[in-house]
Number of protein chains: 2
Amino acid sequence: MNPRGEGRGSRGRGGAAGFEPTQGAATIYAVAQRAGVSTATVSRALGGSSKVADRTREAVLTAARELNYVPDGAARALAGRRTHALGLVLPHIDGPYYAALLVGFEMAASELGLSVVISLAGPETDPQRAVRTLASNVDGIAFMARSAVEDALIEELAARRPVVTAARGRLPGRDALYAENPRAAADLTAHLLEAGKRRVGFVGRPEPDSDIGARYQGYLAALAGAEVEAGPLFAVDPVEEAGEDVVRELLAAGLDVDALVCGNDQLALAVMRALQDGGVDVPGQVAVVGWDDVHAARFVRPGLTTVAQPVEELGALAARRLAALVDGGAPVEEPVVLDSQIVHRSSCGCAHPGTGEELPSPEREESR
Amino acid sequence: MNPRGEGRGSRGRGGAAGFEPTQGAATIYAVAQRAGVSTATVSRALGGSSKVADRTREAVLTAARELNYVPDGAARALAGRRTHALGLVLPHIDGPYYAALLVGFEMAASELGLSVVISLAGPETDPQRAVRTLASNVDGIAFMARSAVEDALIEELAARRPVVTAARGRLPGRDALYAENPRAAADLTAHLLEAGKRRVGFVGRPEPDSDIGARYQGYLAALAGAEVEAGPLFAVDPVEEAGEDVVRELLAAGLDVDALVCGNDQLALAVMRALQDGGVDVPGQVAVVGWDDVHAARFVRPGLTTVAQPVEELGALAARRLAALVDGGAPVEEPVVLDSQIVHRSSCGCAHPGTGEELPSPEREESR
DNA sequence: CCGAGGGGTGCAACCGCTTACATGTGCCTG
DNA sequence: CAGGCACATGTAAGCGGTTGCACCCCTCGG
């Protein structure tokens, strides 16, 4: 005995307010009726691969198609205790880096039939509230990069929902993913030395446990390995103005470096431009390298040698890992580390130039 | 008589499967009990500003805080017929343009207490399915730019959910928002003429009703107004390689232009670089201008003169408009058009250079 | 002193699904 | 031929909120 008779037992709300909600959308009852089965059978036929006779399934599918039926997300989530949505927490997006992370995440999630709810945890918004709300709307949450969310909050949420972190200081016991840093940094630094540079400085604040910190370590290691004394460290924020400041300082001090490893491309581009504006030849007098392979890196002269990270893949992996956790998978003890790749252009001053144009950013590959 | 006794009447599911769902999360029942009131009162105290005595409200808020209560999204959505989420359909993101759109949208939504569910409607995924699913998970949907979603599908969804479009061919009767194009294009073209250019070509496929189409119209209008004959039109896709092809063709044909208006910066940057690689002086021999003010535009030499659109604001407006529709607002007959702004750098070859550095992209402004 | 008026609460019926458990049916076995 | 079993389906109890309506109690006015 169907709880509602023929017509849906709507509590006739006649107010002038609101877009008529879920207007006319077919419900599972409609499908059941049309297919001549119970709602339970419809649910099973459409979703769970449980035992449903082929004939029946067919009938249900047909009815569903004819009615253009799409199950209501909220109802499904409530009854099934699964929202089929993944949360993604990012810092305030800018630059291609986060965009790529997002793209990878979304595509992987969508392949798994999951939707993604994003939350920009900038310092200006209240991350506490936003993230807590997010938690009650998704099955699991990925925290990306240095989003302004404290570890304690993540831990709190982790108690009730699966959680992964990506490109972010890892939390003990939680799944973590990031791109390889120290080795690429070492290679890059060594590359500079091979090109004859001897006074190699570092630009960027190497906070412990951060990407830039790891890069700094690699840089140091390469220098130590080659028994070359480390150049000056400019521990500045990874923003453009900071890059300009560094160059000003450098110029004033008589330019005692012949190469600069920058924590990211934003810094590298700013540094390079400021140097050039100051009449310094790049890479002749000072080589400059960075990280991220931003779009602009291919357009500046000389082309910026930089490190491309498989960002999109990182995002995709995060989504897949999260989905696995939601499905009851066990956390992976070891963090997943993806290989970075140096993109040789000309700003490093090495022998084999190669504009780098023939090397599209790796993350582009799966875009087509 | 509470439907569940003391302990929550869980249907003891003991399987090994899945992360224990909503483990221990406080429910409205718990809050009600702790505050010594009914769940109806809790609901009203927390949400609806309906009549609740101050003392009672206080008690409820306290209890809620103590239990760290956050209402379950699914239940709230189901009962309230409001998901409190907005859907955002974007084409496959790349470049800062979509990222900015997204950021604006998300920030505005979050200010309104709404979450945002994104869907990347790239050609590779099945937009039909994805978007239909999205529709059953949100209160309204914003379609941004040329996402691979057909107008018919949008119309179908618009019948059951509020819909807005942004930076996209507008649909009759639906709310639409975009940045001003023809006038900025005309101004830009006029600017080129002022700089003494006389043979001004256009690069980009001017499809009717598209951004680039509108820009082309403005370009044409300016030329006509100045009684200057229009230069060649290179109707190519807005991608890098196309820009290179154009230049190759141009070079082969003896370079019969002294300025090129490009449909977007990607094209402009590619064109400019190819020209320079071909030994052409920019802007001396050929001036180049574009659209979007991408990050790289500030770093290339000469700095790219381009048009900055208030993209983040566009996104924010879309979110707010959508929210208004969801709340029962009437669609706005006239599309909302935001002003674009020309960013003068050096690639246009005009008198007053100004590197443009002192003019941060307008969309950055509200980021801080 | 009694009835009307009204603000504050509680009751309970949903919202549209999922799913444990009951039921029914047909076939195989003892 | 009865009992057992396996499979396909139906029944109905929730999932955790929201909200129309009834009710209670207190304040006033007549």
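Note on naming: letters A, B, ... go to the chains in the order of the sequence lines (proteins, then strands), and numbering restarts at 1 for each one.
- Across the protein-nucleic acid pair, A:R82 atom CZ and C:dG16 atom P stand 23 Å apart, rounded to whole Å.
- Residue contacts for B:V37: at a heavy-atom cut-off of 4.0 Å it reaches the sugar-phosphate backbone alone, with no base atom in range.
- Atom CZ in B:R76 sits about 14 Å away from atom C1' in D:dT19, given to the nearest Å.
- With D:dA8, D:dT18, C:dG16 as the candidates, the nucleotide lying closest to the side chain of A:K51 is D:dA8.
- For the pair A:A75 and B:R55, both in contact range of DNA chain C, the more 5′-proximal nearest nucleotide belongs to B:R55.
- The side chain of B:R44 has D:dT19 as its nearest neighbour among D:dG16, D:dT19, D:dT9.
- B:T41 comes within contact range of the sugar-phosphate backbone alone, with a heavy-atom separation under 4.0 Å but no base atom that close.
- For the residue pair B:S136/A:D72, the side-chain donor-acceptor check at 3.5 Å is not satisfied.
- Between the CG atom of A:L46 and the C1' atom of C:dT19 there is a distance of 15 Å, rounded to whole Å.
- No salt bridge links B:R132 with B:D126; every basic N to acidic carboxylate O contact stays at or beyond 4.0 Å.
- The side chain of A:S38 lies closest to D:dT11 when the candidates are D:dA8, D:dT11, D:dG17.
- Remark: P of C:dC11 and OH of B:Y29 are 12 Å apart, rounded to the nearest angstrom.
- Considering only side-chain atoms of A:T56, the nucleotide from C:dT18, D:dA8, D:dG16 that sits closest is D:dA8.
- The distance between atom CZ of B:R160 and atom P of C:dG16, rounded to the nearest whole Å, is 13 Å.
- When atom types are taken as modelled, the side chain of B:T133 and the backbone of B:R129 share a donor-acceptor pair closer than 3.5 angstrom.
- C:dC15 atom C1' lies 15 Å from atom CG of B:N137, rounded to whole Å.
- Looking at heavy atoms from C-beta onward, B:L171 lies in side-chain contact with B:I154 at the 4.5 angstrom threshold.
- If you check distances only, the side chain of A:R81 never reaches the base of D:dG16 with a donor-acceptor pair under 3.5 Å.
- Using a 4.0 Å heavy-atom distance criterion, B:A40 is classed as a base contact.
- Per the geometry, CG belonging to B:D54 stands 15 Å off C1' belonging to C:dT9, to the nearest Å.
- Here the rule is side-chain contact (heavy atoms from CB on, under 4.5 Å) with A:L102, and of B:L120, B:L102, B:L90 only B:L102 fits it.
- Taking only side-chain atoms of B:T39, from C-beta outward, the nucleotide of D:dT18, D:dG10, C:dC17 with the closest atom is D:dT18.
- Evaluation of atom-type donor-acceptor distances gives no pair under 3.5 Å for the side chain of B:R57 against the base of C:dG8.
- In this structure, A:L78 places its CG atom 6 Å from C1' of D:dG16, rounding to the nearest Å.
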